[in-house]
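To start, the structure under review is shown below, and the notes come after it.
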Amino acid sequence: MHNEDTIAALSTPYGTGGIGVIRISGEKAFGTAAKIFKTSKAMEEIQSHTVTYGKIVDEESKDIVDEVLLLKMCKPNTFTREDVIEIHCHGGIVVINRVLELIFKNGVRPAEPGEFTKRAFLNGRIDLSQAEAIIDLINSKTVESSKAAVSHLEGRLSSRLKSIRETLVGLLAHIEVTVDYPEHDIEEITGEKVLENLINIKDELHTLAGTFERGKILREGLNIVIAGKPNVGKSSLLNQLSGSIKAIVTDIPGTTRDIIEEYVNIKGIPAKITDTAGIRSTQDIVEKIGVNKAYEAVEHADLTIVVLSAETGIEEEDIKILSLIKNKKALILINKTDLVDNNQIIEIKKQLEEYDTVLNASVINARGIEELETTIAELFIKGRISGNDEVLLTNSRHKYLVDRAIEDIQQALNSFNTGMPLDMVTIDIKSCADNIGQITGESIDEAVMHDIFSRFCIGK
């Protein structure tokens with residue numbers, strides 16, 4: 001990728017719509033726009049960050065392609081810190097393609113996926129963690145996940161990590177002075193300062209790493225599996241949680257034979273709900289395949305909701321299903337409580353005393369659904385994301401690098417406590433600073449950077 005190139009792409013979704021926005025960025029942006037955009041003013045007369053009405057004209061055929069609004073933005077006050085033109089044309093596929101063809105004829109090349117954001121990073125407009133937050137914001141499925149992405153985009157994570165990295169660089173400078181001027185008292189004072197700072201940094205990184213479970217859930221969502229024997233109300237529960245009829249519900253056991261998935265919002269948490277085939281012994285080949293898929297789904301679930309029937313009580317099939325969730329995150333929902341008296345429910349709960357979370361419900365009447373959703377949220381997120389100053393780690397790449405930084409700090413502390421010379425301790429301190437720098441992009445491998453921006457859509 002060459003930053004001296006001028007690039008262009010459609011920044012709105014491709015297809016038929018009211019408006020299509022084409023973005024051009026680079027040295028030739030204004031010159032290219034001047035060749036195809038016709039209005040009463042010359043391009044150099046149009047003020048930066050103003051909108052101008054005009055027409056896109058094919059110079060060769062003199063055909064008017066479209067009536068458009070053009071937004072001119074002079075560097076460095078742009079997203080890419082380059083000269084930028086945005087053409088707001090009508091959103092028809094033919095119109096958009098004709099405008100792009102005219103742009104490309106004038107020495108502008110098509111942008112690669114994420115190239116506008118990559119240029120913003122390379123030109124110092126944003127750091128790498130902020131760039132990743134942009135795609136998280138675009139892909140966010142709930143208000144809470146968008147809040148976490150905006151927090152990163154505003155630089156809260158970057159600020160915290162840069163502060164830690166600056167402390168590490170400062171320690172390296174102190175150690176270097178001590179090595180160059182090895183008076184005993186200076187080394188002792190520097191050693192105490194290094195130890196204190198390393199302990200504080202380790203605690204701060206541990207606190208940050210501890211937010212990852214909640215952050216990852218907000219970013220990627222929960223994988224929730226509904227399991228149980230046939231005809232206990234699993235499909236009815238899926239329909240209630242999704243707010244629509246997604247699964248066929250009948251009184252015939254074994255109606256659901258395959259995996260049914262639906263994406264929902266549970267108290268601000270994005271979740272994929274999977275309804276499975278009723279787990280039971282069967283000779284039916286198709287149903288048996290569905291049962292095996294159910295076992296596999298439970299194995300990989302973030303949370304399993306085991307649905308029991310208050311009407312039948314706990315049977316042998318239920319006991320087998322309950323054995324699947326030992327040592328896993330799960331909750332038990334006693335359904336059909338409207339069909340029995342309270343004594344029968346109490347008796348069932350006595351048999352479930354070893355399980356932490358047991359709820360009552362009458363799914364068909366929507367009773368217990370609100371409590372179920374609240375319980376799911378509380379199991380994974382203690383307190384909702386709000387306007388506080390908490391920084392959540394949401395990205396698996398960031399978590400991996402923070403873990404490595406913690407290992408480096410621990411190794412530095414071990415070296416210090418065993419009496420190793422201070423200049424030997426710097427090896428692990430430098431490694432820690434490097435790992436933190438890879439999160440914000442202060443030290444980043446080209447292959448890693450390419451992988452990150454390749455995940456973006458073209459035009460962003």
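Basis for what follows: all heavy atoms, side chains included, without hydrogens, waters or symmetry-related copies.
Using a 4.5 Å heavy-atom cutoff, the side chains of E373 and E370 are in contact. Contact of the I364 side chain with the S236 side chain is not registered, since no non-hydrogen atoms from C-beta on lie closer than 4.5 Å. The side-chain heavy atoms of L208 and R160, taken from C-beta on, include a pair separated by under 4.5 Å. You'll find the side chain of L137 reaches within 4.5 Å of the side chain of S146, heavy atoms only. Looking at I22 and C89, their side chains come closer than 4.5 Å, going by heavy atoms from C-beta outward. Contact of the L70 side chain with the E86 side chain is not registered, since no non-hydrogen atoms from C-beta on lie closer than 4.5 Å. Proximity of L168 to L172: side-chain heavy atoms (C-beta onward) are nowhere separated by under 4.5 Å. L303 is listed as a side-chain neighbour of I376, based on a closest heavy-atom distance under 4.5 Å.
Here the shortest heavy-atom pairing between G437 and R165 reads CA-NE, 3.6 Å. Minimum heavy-atom separation, G221 to D302: O-OD2, 4.1 Å. The two residues N231 and K336 come nearest to each other via the heavy atoms O-NZ, 2.8 Å. Across all their heavy atoms, F37 and M43 have their closest contact at CD2-CE, 4.3 Å. Taking both residues in full, the closest heavy atoms of T440 and S158 are given as CG2-CA, 4.2 Å, listed atom of the first, atom of the second, then distance. Taking all atoms of both residues into account, the shortest heavy-atom contact from T6 to V108 is O-CG1, 3.3 Å.
The side-chain hydrogen bond (donor to acceptor under 3.5 Å, both in side chains) analysis of residues 64-81, with sequence neighbours excluded, yields the pairs S25-T80, Y53-E67, D66-H90.
A salt bridge links E115 to R119: one of the charged nitrogens lies within less than 4.0 Å of a carboxylate oxygen. Ion pair K267/E371 not flagged as a salt bridge, since none of the NZ, NE, NH1 or NH2 atoms sits closer than 4.0 Å to an Asp/Glu carboxylate oxygen. The existence of a salt bridge linking R109 and D5 is confirmed by a sub-4.0 Å separation between a basic side-chain nitrogen and an acidic carboxylate oxygen.
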Open item on the list: With salt bridge (charged side-chain N to carboxylate O under 4.0 Å, His left out) as the criterion, how do K399 and D403 come out once you've worked through the C-alpha distance, each side chain's angles and the decisive distance to 0.1 Å?
Closed with: CA-CA 6 Å; K399 174 62 162 55; D403 285 344; 2.7 Å; yes

- [ ] Would you sort out whether E204 and N200 count as a side chain to side chain donor-acceptor pair (under 3.5 Å), showing the intermediate values?
- [x] CA-CA 6 Å; E204 191 167 356; N200 290 338; over 6 Å; no

Open item on the list: Could you go through D408 and K430, starting from their C-alpha distance and side-chain angles, then the distance that decides it, and tell me whether this counts as salt bridge (charged side-chain N to carboxylate O under 4.0 Å, His left out)?
Closed with: CA-CA 9 Å; D408 292 330; K430 285 177 181 176; over 6 Å; no

- [ ] Output, in order, the C-alpha distance, side-chain angles, deciding distance and verdict of side-chain contact (heavy atoms from CB on, under 4.5 Å) for K229 and L308.
- [x] CA-CA 8 Å; K229 67 187 179 188; L308 305 178; over 6 Å; no

TODO: Determine, step by step, whether V402 and L393 satisfy the side-chain contact (heavy atoms from CB on, under 4.5 Å) criterion, reporting the C-alpha distance in whole Å, the side-chain angles of both residues, the deciding distance to 0.1 Å, and the verdict.
DONE: CA-CA 9 Å; V402 168; L393 212 57; 4.0 Å; yes

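Residue I19 qualifies as open at atom CD1: its count of foreign heavy atoms under 6.0 Å is 12 or below. Atom NE2 of H49 is surrounded by more than 12 heavy atoms from other residues, nucleotides or ligands within 6.0 Å. Heavy-atom neighbours of F104 CZ from other residues, nucleotides or ligands within 6.0 Å: above the threshold of 12. In the displayed structure, E45 atom CD is contacted under 6.0 Å by more than 12 heavy atoms of other residues, nucleotides or ligands. For K38, the NZ atom sits in a packed shell: over 12 heavy atoms of surrounding residues, nucleotides or ligands are nearer than 6.0 Å. More than 12 non-hydrogen atoms from other residues, nucleotides or ligands lie less than 6.0 angstrom from NZ of K460. Heavy atoms from other residues, nucleotides or ligands lying under 6.0 Å from CD of E27 number 12 at most.
Partner of T375 under the side chain to side chain contact (heavy atoms under 4.5 Å, CB included) criterion, out of I266, I305, L331: L331 alone. Among L71, L100, V68, the one residue that satisfies the side chain to side chain contact (heavy atoms under 4.5 Å, CB included) test with I87 is V68.
Interatomic distance, I164 CD1 to I439 CD1, rounded to the nearest 0.5 Å: 8.5 Å. In this structure, K234 NZ and D275 CG are separated by 6.5 Å, a value rounded to the nearest 0.5 Å. Note that the CD1 atom of I134 and the CD1 atom of I126 stand 4.0 Å from one another [nearest 0.5 Å]. One distance of note links OG1 of T337 with CG of L333; it measures 8.5 Å at 0.5 Å rounding. The distance from atom CG of L238 to atom CD1 of I224, rounded to the nearest 0.5 Å, is 11.0 Å. Separating the CD1 atom in I93 from the CG atom in L10 is a distance of 10.0 Å, to the nearest 0.5 Å.
N97 and Y14 share a side-chain donor-acceptor pair at under 3.5 Å. For the residue pair T32/N106, the side-chain donor-acceptor check at 3.5 Å is not satisfied. Side-chain contact, N197 with T167: no donor N or O sits under 3.5 Å from an acceptor N or O.
A cation-pi geometry, defined here as NZ or CZ lying under 6.0 Å from the six-membered ring centre and within 45° of its normal, holds between R23 and F116.
The salt bridge (charged side-chain N to carboxylate O under 4.0 Å, His left out) search around E154 returns R156, not counting sequence neighbours.
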